[in-house]
2 protein chains.
Amino acid sequence: MDKCKLIPLDKIFKSLGDPIRMGVIKQLIMSETGEMSCGSFDYCVNKATFSHHIKILLEAHILCERTEGVKKYLFLNPSIKKLYPGLVETIRITIPD
Amino acid sequence: MDKCKLIPLDKIFKSLGDPIRMGVIKQLIMSETGEMSCGSFDYCVNKATFSHHIKILLEAHILCERTEGVKKYLFLNPSIKKLYPGLVETIRITIPD
DNA sequence: TATATTGTTCGATATTTATCTAACAATAAG
DNA sequence: CTTATTGTTAGATAAATATCGAACAATATA
């Protein structure tokens with residue numbers, strides 16, 4: 001739970017400092033259910049590259065995953081919003097209405 | 001003023017995603033006057049390298065500068081706090097008391 | 001069992017980034 | 001005018017990162 005406290009904020013920022021990864025977060029924020037399978041995101045790179053970016057977000061503990069059959073569903077780590085409430089809000093206000 | 005709106009958030013995050021640059025922001029937040037000269041920061045790299053990191057923060061418009069004689073004083077861009085109030089607060093809560 | 005779907009891993013490559021030393025520029029002080 | 005202070009720039013190098021194609025693994029379906 002408090003594992004996120006152990007993740008230096010600069011590592012979190014670093015993981016968010018990429019347009020593709022930021023796109024993932026924004027799409028999750030905008031999603032109805034709060035979770036999306038890897039293949040359901042909009043992205044403009046090879047799927048291997050996309051997988052690489054997802055891995056980075058998972059390792060920064062910004063995302064959590066849930067496997068169902070052959071699909072892997074991703075969602076924002078609820079602890080992040082608790083520990084750094086201003087972080088998700090900052091991203092949210094950059095999403096056009 | 002609203003020039004910051006034009007800076008994509010992922011670029012801002014990227015500029016913050018480095019321990020040295022994060023150190024600069026934290027030291028400014030903790031400073032009495034809100035501004036510090038380049039040479040007055042604590043850092044553990046060559047001064048040329050440090051200058052490089054400062055440049056990145058300036059280009060991300062997170063910092064502003066003011067020159068006085070041979071010294072250059074740096075301070076947080078006031079617009080950042082207005083546009084992204086959660087951002088500075090997120091950094092602040094990671095600073096030990 | 002054979003095929004399709006979903007996602008990861010491997011190996012290679014190109015780009016970006018961090019870092020240093022040395023030289024430089026601008027101001028200040030003697 | 002000479003020297004010290006403060007910070008930047010140039011050039012070189014090493015490390016990290018992004019990217020892709022191809023092969024793979026696991027599950028689902030026909």
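Computed from heavy atoms alone, side chains included, the values below leave out hydrogens, waters and symmetry copies.
Contact check, Lys55(A) against dT9(C): a side-chain N or O comes under 4.0 Å of OP1 or OP2.
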Per-nt protein contacts along nucleotides 11-22 of chain C (heavy atom under 4.0 Å; B base, S backbone sugar-phosphate only, - none) come out as ------SSBBB-
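Side chain of Ser51(B) to main chain of Ala48(B): no donor-acceptor pair is present (N/O by atom type, distance under 3.5 Å, no hydrogens or angles).
Between Asp10(B) and Asp18(A), the closest side-chain pair of non-hydrogen atoms is not below 4.5 Å. Between Asn77(A) and Leu63(A) there is no side-chain heavy-atom pair separated by less than 4.5 Å. With a 4.5 Å cut-off on side-chain heavy atoms, Met36(A) and Gln27(A) count as touching. Counting heavy atoms from C-beta on, the side chains of Ile93(A) and Tyr84(B) come closer than 4.5 Å. The shortest distance between side-chain heavy atoms of Ser37(B) and Leu74(B) does not fall below 4.5 Å. Annotation: side chain of Ile29(B) is in contact with side chain of Ile25(B) (closest heavy-atom distance under 4.5 Å).
Along DNA chain D, read 5' to 3', the first and last nucleotides having any atom under 4.0 Å from a heavy atom of chain B are dT5(D) to dT9(D).
Ring geometry for Tyr43(A) against Phe50(A) counts as parallel: the plane angle stays under 30°, on a 0 to 90° scale with 60° as the upper cut.
In terms of position along DNA chain C, the nucleotide closest to Ser37(A) lies nearer the 5' end than the nucleotide closest to the other residue of the pair Gly69(B) and Ser37(A).
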